[in-house]
Structure formats: structure tokens, C-alpha cells
Amino acid sequence: MKDEVRTIVEKIGGVVEEVKKSEIYVRIPQQTVRTAARLLYDSEAYFKTCVGVDEREVNGFYTIYHIFGLDSQGVDIVLKVLVPEEDPQTSSIVSEVPAADWCELEIQDLLGIKFGGRLTKRLVLPEDWPDGVYPLRKEFRYDEKPSRVIREELHEEAGIPVGPYHPALHEPEYFELYVEGEKVVDVAYRGFHVHRGIEKLAESPRFTYKQVPFLAERICGICGFVHSTCYIMAVEKAADIETPERAEFIRSIVLEVERLHSHLLWIGVAAHLLGYDAGFMHAWRIREHVMVLAEYLTGSRKTYGINVIGGVRKDLNVDKIDKTMKTIAQVREEFKKLADALLSIPQIKSRAVGTGVLTKSEARALSVVGPVARASGLYRDVRKDYPYLAYGRVSFRVPLYTEGDNLARLLVRVEEVFESIEIVKQLVDLLPGGSVVVEEYDIPPGRKAVAAIEAPRGEDVHFVITGLGRPYRWRVRAPTYQNIPALRAMLRGTPLADAPLTIASIDPCFSCTDRVLVVDIETGRKSFIKLVRGG
Amino acid sequence: MSIAKILEIALKTGRVTRKYPYEPPLLTSEFRGAVRIDPSKCWGCGACVKICPPNALALRNSGKEATLEYFVGRCIFCGMCAEVCPAKAIEVTKEFELSSTSLENLKSRVIHRLTRCSSCGSLVWTEAELKSVVKSSPIAEEYAVLCPKCRKSKFARAASIRIGVGSE
Amino acid sequence: MSSVNIARALKAIKRSIWVYHLNSGSCNACDIEILDALTPYFDVERFGIKLVGSPRHADLILLTGPVTRESLPKVVRAIKAMPRPRLILALGSCGVGGGIWWDTYSTIGGFKKLEDILRENGVEVDRVVYVPGCPVRPEAIIYGILLLLGVVEQKVKKVEVVASES
């Protein structure tokens with residue numbers, strides 16, 4: 001443990017349960033969790049997520065893990081709080097750490113633990129889900145289908161509904177924009193339409209360690225490889241499995257190829273939302289080269305399916321390397337011209353400058369991640385802060401803007417396309433020899449690990465507790481999960497016409513975010529309406 | 001002029017459209033499509049069923065027959081089944097034109113007859129599995145047709161006779 | 001309501017088929033492939049296929065996803081809003097068979113179940129084409145639509161072989 005980290009850990013108090021290379025687990029009593037969270041937040045730690053685990057069969061308690069990342073030291077500090085079975089209640093840390101809002105609600109929905117001292121509402125589970133049924137408790141079977149509960153539908157007076165099916169959204173999500181004249185004064189978000197129960201499924205008897213990567217990949221069809229890699233990294237970290245270097249390089253190359261396709265996709269969609277369909281078509285035309293490359297490297301255009309614990313299933317050969325170099329050179333040349341054309345259009349600039357502003361302090365309070373953080377002046381990039389796979393071996397620049405508006409987020413992504421291309425080039429040059437997979441490994445139960453990856457949309461965090469044959473608990477925190485709460489800050493005061501672009505500017509990926517379930521919100525609803533009236 | 005810039009790109013690129021289905025699709029040599037099970041090689045051992053993440057492969061036992069069913073409609077095209085198949089009976093093809101107007105057409109089945117233990121009559125193997133085991137391992141025919149339980153007791157009896165203990 | 005003459009309807013929309021994209025909780029991969037089919041390399045407007053913003057304008061619904069519990073009532077409403085004949089393309093391994101999460105607590109598991117629920121709600125679906133793929137390639141989507149229109153022949157058929165006889 002470094003001295004700086006030790007000082008912080010000593011200040012927190014509690015029992016240090018486990019110290020690993022990049023994680024420290026500290027058990028603290030319920031009463032001090034709030035002060036500990038405050039202290040960590042004041043010591044430059046970002047809030048990553050909290051995880052609720054039903055560990056009754058292990059130690060007789062429900063456990064909550066609050067994961068904080070000390071980016072400057074590259075260390076995660078995990079606060080562990082035990083919650084008694086008879087009285088599943090604990091104190092909320094939302095007042096100290098606003099970013100913990102959603103994950104506390106999620107724990108309440110899925111595990112039935114109440115958080116004292118805060119507004120609670122249903123977040124993840126569907127509207128018709130009965131009260132008192134908690135999917136993540138171990139006694140709940142993954143394929144149970146509790147009967148529907150009919151709830152009265154409440155209608156909003158002042159809202160402009162956007163979704164769940166709306167031409168501007170490609171995924172079913174529901175936003176309610178409250179407007180005054182042309183200005184948006186507040187936003188209500190009713191998401192989690194894409195909750196498929198993935199975390200529960202992974203701990204069900206249907207799955208084994210080997211199969212979960214394929215499930216992880218399908219959390220999101222755009223950045224699926226990030227999820228499978230992140231899950232595998234967490235398991236490998238927990239079980240001390242050494243992956244061959246060549247496999248780590250191949251994973252890094254595919255991750256960057258995925259980032260290229262994702263950013264090109266987003267830039268196309270942004271152009272479309274700005275009414276510039278020629279830009280959309282050309283961005284997607286260029287993206288098609290990346291899709292063909294991805295299929296050639298992995299065997300599938302999306303959901304690549306080459307990740308396994310211990311390595312990858314497909315090796316690179318001379319032809320593949322050759323094709324990779326040719327494709328990225330071509331993409332670089334064509335995208336440069338397109339980006340020039342796109343950014344020289346005065347209408348695009350005028351639509352994007354000064355709209356959807358997220359200030360640095362708001363970004364910090366909500367612990368936003370990825371391009372959204374970097375456009376608001378936060379220097380955060382997992383590839384630099386916690387170098388994983390082969391990223392410690394390459395040099396690249398992290399684009400940083402301080403304006404926090406839609407243009408800044410656009411520019412960050414445009415620059416990242418070029419950086420990704422440079423990274424792929426360096427990785428291919430440095431590609432070591434050797435095998436790409438280790439077949440023999442052993443995963444002992446009861447180990448914990450946190451892994452994080454810089455996805456195209458920001459930091460993706462996976463937390464794994466190992467079990468027998470399959471994960472005991474697997475928690476996924478997708479980047480969009482952390483970024484959506486920031487939309488409220490971005491949209492307030494924005495003209496209604498800019499709302500679609502602003503919503504898109506965080507590059508929302510709802511399928512990532514919605515693995516678990518949420519519902520309604522009497523109290524939350526009231527407060528939204530009050531805001532409209534008072535505003 | 002910004003319009004001139006995009007026009008220049010468009011003119012330089014020209015037409016890129018693949019006129020599928022009148023031109024070949026944009027497939028690469030690595031593409032993983034639907035799998036095909038070779039019924040002449042399949043043993044019906046169920047290794048593929050165990051690894052299949054979405055349960056697109058299922059082995060159903062009706063008492064007389066065991067049916068290996070591949071439902072391409074739920075397949076995720078990962079190719080793990082082909083990787084684990086001990087008989088190399090599963091091949092990953094490049095087939096993606098799988099559209100159908102009924103679900104039944106998306107199913108393919110390999111039906112295996114089951115053999116019974118010659119001593120106690122319980123179901124043991126598929127015929128194909130038995131054949132391949134007899135072929136690949138030096139197991140005597142008289143043992144191969146028994147279920148594991150009967151085989152064990154038969155072996156124990158034979159061994160005890162040989163070393164001369166426990167003969168009633 | 002008199003029965004719908006599907007053959008006539010298909011003939012009428014053959015060169016201008018308007019599609020509505022209905023995501024019922026999919027992972028996004030099929031959805032971006034649908035968009036991809038609109039872009040230069042595949043350009044489905046060659047066939048007069050156009051993406052529209054409302055099911056009321058649609059000839060065909062592209063249904064992706066396993067139909068989650070939360071989206072189910074909305075999916076039923078969207079399909080109900082569609083004029084007859086209701087043509088549906090169930091896309092991807094989720095749309096066809098419920099996908100990798102076919103039996104979890106928060107999905108209903110594929111089109112078969114949805115069809116039953118639609119029937120219970122008095123919503124008739126006139127024709128369905130199942131398009132497997134995970135995700136479906138843009139070419140597979142084109143193939144599926146052309147199969148619906150009768151431009152291409154169906155390739156897959158039910159196969160049942162007894163192992164020892166082959």
C-alpha cells in the first residue's frame with residue numbers, strides 16, 4: 001500500500017479485510033459509512049458503484065460494497081457494509097455522494113434493502129412487478145415469473161413525453177420533458193425497459209464461468225466486447241489467472257476496433273440529429289470498413305464471441321494484420337476529410353456550441369465518465385489511470401475540453417477516433433509471439449475482484465465474487481448508468497429543439513444500463529411536478 | 001464552402017452499394033454462420049448441449065430415442081459446440097440466409113436410437129456412442145453392452161473369481 | 001372484419017414497403033444492423049424500403065429483442081396501432097426464440113409467446129417471417145424482407161435424420 005493510500009484508509013477506520021494490488025477492502029460499521037464516503041470523495045476519489053450481495057449463506061448478512069476509485073493512485077477502495085437479515089436497512093450515502101443515487105435504488109429494488117434518510121422509488125423493476133419480490137435474493141429462482149400487479153396509470157399534466165417509442169430514440173426509453181415555453185425545465189426518466197435479468201441469470205445453474213462471456217457480450221450490442229473483456233478480467237484477477245501477453249494485445253486491438261465503430265456510429269447519429277443526413281451516410285459508410293475488419297478478425301460483425309477465460313479463441317495471422325493496417329489507414333484518411341467537412345458547417349457549430357452544458361463541478365459530483373467527463377474538463381481515462389491489458393505499453397493522448405457542451409463532446413469523440421487508430425498501429429507493431437490462451441486454470445470460490453475498462457462511452461466496471469462453477473455475484477456498471485443522471489443537469493434551460501441532440505450527446509446505451517429492473521415513483525413524481533410549478 | 005467538401009467526398013467515393021441479393025454479400029472468410037450437425041458422425045453425447053449458452057441445442061430422451069435438436073432461431077453463432085464436439089460432427093457454416101415463415105423450419109433434429117443394458121435392461125448409450133466407444137477403446141464386447149452399474153458388478157465378480165476370494 | 005387478402009396487399013406494397021422499427025428490449029446489435037441496412041453499402045431504399053416514425057404508417061414491423069416484461073404492454077399497443085395486414089419480421093435470436101435470456105424472470109421469451117399474448121388481446125398478426133442471427137446481418141434483414149415479398153425462395157427447411165441410418 002502506498003503512503004497516500006494508507007493515510008486515507010487509516011482515516012476511514014474500520015477493519016482492513018483484504019489488500020490486493022489494486023483493491024483494498026475495508027469493512028466499516030453502518031453508522032460510519034456516510035462519513036467514510038464523504039472522506040473518500042474529498043480525497044479525490046470517484047464513486048464507481050455500489051453492489052448489493054445476498055451473502056446470507058456465507059456470513060448471515062446482506063452485504064453492500066461501495067466501490068470508490070482513487071484514480072490518481074490507480075487503486076479501488078471498497079467499503080463493505082453488513083446489513084442484518086432481520087432488519088434489512090442501512091444508511092444512504094446519497095447526501096454525500098450524489099452519484100450513488102441509482103445504485104442504491106437498484107439495490108432496494110432487487111435485494112429489498114431500505115436506505116434510510118432518502119427518497120425512495122422504484123427504479124429497475126417493471127411497473128407490474130409485485131412488491132416484496134426481490135430477484136437478487138438467492139431464494140428467488142431466475143426463471144420465476146411473479147404474477148402481474150395492475151397499478152393505476154398516472155398521467156402527467158405538464159410533460160412532453162419522449163418515448164418509449166420515438167423516432168429519435170432507437171431504444172425503448174421514456175423521457176418526460178417538462179417545458180416552459182420552449183425551455184426545458186426538468187426531465188423525468190423512466191428507463192429500464194431493457195432489463196433482462198442478466199446478473200441473476202449468470203448466477204443461475206444455466207450458466208458456467210465459460211459461458212458467461214457470451215452473455216456479457218450481449219449486455220450491449222455496440223460495446224459488447226468491453227463487457228466480456230471486463231468480466232473476464234475480473235474473474236482472472238480474482239482467480240490469479242495469467243493470460244498470455246499475445247492474448248492481451250489481441251483483446252486491446254479488438255477493443256480499439258470496437259471503439260472506432262462505436263464512435264463512427266455516434267458521429268453519424270449526431271449528424272443525423274443535426275439534420276445533416278449526408279454526414280450520417282458518409283460516417284456509416286466509413287464505419288462499414290471497420291465492421292468488415294471486425295468480422296475478419298473475430299468471425300462476427302458484432303458480439304465477436306472470441307473472448308474466453310484465459311485468452312482469446314482466434315489468433316492474428318499475417319493476413320489479418322495486413323488487413324488491419326490497410327483498413328485503419330483508409331479509415332483515417334476518409335474520416336479526416338469527413339470530420340473537416342462536418343466541422344466546417346456553420347449550422348452544426350451553432351447548434352452544438354453552448355447547448356447541453358455540464359459544468360465541471362456537476363460532472364464531478366455525479367462522477368460522470370468517458371467522453372462526457374473529458375468534455376467537462378475532468379481528466380479521466382481508465383486506460384491511463386488503471387492501465388490494463390496492453391495499454392501500459394502504448395502512448396496516446398487523452399483529448400480534454402472544458403466547455404462541457406455538445407460541441408466539446410463531439411470534438412472529444414472525433415479526436416478519439418484518431419487516437420484509437422494510433423493505438424491500433426502501435427499495438428500491431430508491438431504484438432508479441434506465443435500462445436493466445438491458457439486452458440488449465442482453477443477458480444476458487446469466495447474471491448472478489450473489481451475490473452474496469454474504458455468503453456467507448458466511458459468507464460465500465462465489473463465486480464465479481466466467485467462461486468462454485470459460476471459467479472456467486474456479478475455486478476455490471478455500464479458507463480451510461482453513470483452518465484444518464486447528468487442529463488437532468490444538461491437539459492435544464494436548454495431549448496426543446498436541442499433536447500434530442502443533448503440526450504444523444506452522452507451516447508446513451510440503454511441496453512447496457514438496464515440489466516436490472518425499476519418501477520414508479522409516487523414521491524419522485526410529486527417532486528418533479530413541484531419543480532415545474534416552481535420553475 | 002462546406003457543401004463543396006462533402007460533394008468532393010461523394011464524387012471521389014462513387015457508388016459503394018452491394019446489390020445484394022443480386023451481388024454476393026459482404027462476407028469475409030472468417031464469418032461464423034449457422035452450424036450443421038453431421039448425423040453420420042454425431043454420437044449424441046450431449047457435450048454441445050452442455051456448452052451452448054442460449055440452449056439452442058437440446059437433447060431429449062423419449063425412452064426409445066434420444067433426439068438432438070438444433071433450433072437455429074435461438075442460436076447465437078458462437079461456435080462453441082463445434083469446438084467441444086468430441087466426434088467433430090459439428091461444422092460452422094457461412095449460412096446466414098436463414099429466414100423462414102415458420103418456427104418448425106428452423107429446427108433440425110438428429111435422432112439416436114438408444115441401447116439397453118443387456119443385463120438389467122436400463123437405457124445406457126446411443127447406438128452411435130456405443131459403436132465409437134467400442135472402436136476407440138479396448139473394451140470387450142461383453143462389457144460394452146452393460147450399464148456402468150452392471151459392468152462394475154460383473155467386473156468385481158470376475159476379479160474376485162480370478163484372485164480366488166469371495167466365491168460363494 | 002373481412003379477412004385480409006395478403007397476396008393482394010403484398011403485391012401493392014412490393015415496391016414501397018414502409019417499416020417501423022420496434023425494439024422490445026434488445027441489446028442494440030440488431031438495431032444498429034437495421035440502421036446499417038439503410039446506409040450506403042446495403043441501401044435498402046433500392047427496394048423502396050423506408051423507415052417510418054409511427055406504427056400507424058407502417059406496412060411491416062421489424063421486431064427486435066426478447067420482449068421484456070416492462071416493454072410488453074407498449075409492444076402490444078404499438079402492434080395494435082398498425083393497420084391490417086399486420087406483417088412482422090421477428091429479428092435476431094431474441095426476436096425469434098427469446099435469445100440467450102429466453103427463460104429469465106423479466107423477459108417473455110420470443111415471438112411465439114408474444115403471438116399468444118397478442119391473440120388474447122384480440123390483435124391478429126397476418127404474417128410473420130423469422131430471421132435468425134445474433135446479430136442479424138444487414139443482408140439477412142434484406143433476405144427476410146424479400147422472402148416476405150416472395151422475391152427469394154426460402155432456403156431452410158425442417159430436417160430430421162436418424163443417426164444410424166445415414
Side-chain angles (χ1 to χ4, degrees), chain B residues 10 13 15-22 24-27 31 33-34 36-44 52-56 65-78 89 95-113 126-129 131, chain C residues 36-37 39-47 66 89-103 109-112 115 127-148 151-166:
Chain B
T13 316
R15 182 177 72 84
V16 296
T17 307
R18 261 311 156 105
K19 289 185 185 164
Y20 177 83
Y22 310 108
L26 208 61
L27 278 187
F31 176 68
R36 191 186 299 136
I37 305 166
D38 186 343
S40 64
K41 288 187 189 160
C42 177
W43 299 346
C52 182
N55 309 136
E65 290 167 339
T67 309
L68 177 66
E69 186 181 281
Y70 171 50
F71 177 33
V72 71
R74 201 183 288 142
C75 179
I76 60 166
F77 308 92
C78 63
E95 196 49 69
F96 68 89
E97 291 160 330
L98 302 161
S99 304
S100 157
T101 46
S102 85
L103 284 175
E104 207 41 39
N105 283 331
L106 298 175
K107 289 174 182 166
S108 53
R109 299 191 180 92
V110 177
I111 300 165
H112 287 278
R113 290 212 195 91
T126 66
E127 276 177 10
E129 202 169 1
K131 264 189 220 159
Chain C
D36 208 301
T39 58
Y41 271 88
F42 304 101
D43 187 22
V44 288
E45 288 196 30
R46 286 182 288 145
F47 305 100
L89 219 57
L91 291 180
S93 94
C94 296
V96 179
I100 197 164
W101 24 67
W102 62 282
D103 58 351
F111 192 79
K112 193 99 198 79
E115 211 173 13
R127 183 160 296 176
V128 191
V129 171
Y130 300 95
V131 188
C134 192
V136 278
R137 301 175 64 85
E139 291 101 327
I141 301 172
I142 296 173
Y143 185 86
I145 297 179
L146 294 182
L147 178 70
L148 176 79
V151 178
V152 292
E153 294 272 308
Q154 182 172 316
K155 275 189 170 180
V156 287
K157 55 178 192 299
K158 185 175 153 186
V159 182
E160 241 180 51
V161 194
V162 177
S164 51
E165 280 172 6
S166 54

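Proteins get letters first, then strands, A, B, ... in listed order; numbering begins at 1 in each. Atoms considered below: every heavy atom in the structure, side chains included; atoms not considered: hydrogens, waters and symmetry mates.
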Problem - Residue part contacting chain C, namely of F31(B), when any heavy atom lies under 4.5 Å - result: side chain
Practice task
Measure from the side-chain N and O atoms of S99(B) to the backbone N and O of Y143(C), and report whether any donor-acceptor pair falls under 3.5 Å.
Solution key: no
Handout entry: Test item: R74(B) side-chain N/O and S93(C) main-chain N/O as donor-acceptor pair under 3.5 Å
Key = no
Problem - Portion of I37(B) that has a non-hydrogen atom of chain C nearer than 4.5 angstrom - result: neither
Fill in the blank from the handout: Residues Y41(C) and L26(B): closest non-hydrogen pair is CD2-CD2, 4.1 Å
Handout entry: Ion pair R18(B)/E139(C), N-O distance below 4.0 Å
Key = no
Practice task
For the pair R127(C) (side chain) and T101(B) (backbone), establish whether a donor and an acceptor sit closer than 3.5 Å, ignoring hydrogens and angles.
Solution key: no
Completion exercise
Max heavy-atom pairs within cutoff under 4.5 Å with chain B, candidates V96(C), L147(C), V159(C), goes to V159(C)
Fill in the blank from the handout: Among D43(C), I141(C), I100(C), the residue with the most heavy-atom pairs under 4.5 Å to chain B is I100(C)
Problem - L146(C) and P21(B), any side-chain heavy atoms less than 4.5 Å apart - result: yes
Problem - chain C interface, residue from P25(B), G33(B), C52(B), G73(B) that has the most non-hydrogen pairs under 4.5 Å - result: G73(B)
Problem - Interatomic spacing from CD1 in I142(C) to NZ in K19(B) - rounded to 0.5 Å - result: 13.5 Å
Exercise for the section: Answer with side chain, backbone, both or neither: which region of L106(B) has an atom nearer than 4.5 Å to a non-hydrogen atom of chain C? Expected result: side chain
Practice task
Might you confirm whether atom CD of E104(B) has over 12 heavy atoms from other residues, nucleotides or ligands at distances under 6.0 Å?
Solution key: yes
Practice task
Measure the NZ-OG distance between K158(C) and S108(B) for me, rounded to the nearest 0.5 Å.
Solution key: 11.5 Å
Completion exercise
To the nearest 0.5 Å, atom OG1 of T17(B) lies from atom CZ of R46(C) at 6.5 Å
Completion exercise
Given R15(B), R109(B), E69(B), E65(B), the one with more heavy-atom pairs under 4.5 angstrom with chain C than any other is R109(B)
Practice task
Could you tell me whether R137(C) sits above the aromatic face of F96(B), with NZ or CZ closer than 6.0 angstrom to the six-membered ring centre and within 45 degrees of the axis?
Solution key: yes
Exercise for the section: Name the region of S102(B), side chain, backbone, both or neither, that has any atom closer than 4.5 Å to a heavy atom of chain C. Expected result: backbone
Exercise for the section: Please state whether the side chain, the backbone, both or neither of L89(C) comes within less than 4.5 Å of a heavy atom of chain B. Expected result: neither
Handout entry: Toward chain B, the part of V128(C) with a non-hydrogen atom under 4.5 Å
Key = backbone
Handout entry: chain B contact via V136(C) - side chain, backbone, both or neither, heavy atoms under 4.5 Å
Key = neither
Practice task
Go through the steps for E95(B) and K155(C) under the test salt bridge (charged side-chain N to carboxylate O under 4.0 Å, His left out), then give the verdict.
Solution key: CA-CA 10 Å; E95(B) 196 49 69; K155(C) 275 189 170 180; 3.8 Å; yes
Fill in the blank from the handout: Residue from T126(B), V72(B), N55(B) scoring the most non-hydrogen pairs under 4.5 Å with chain C is N55(B)
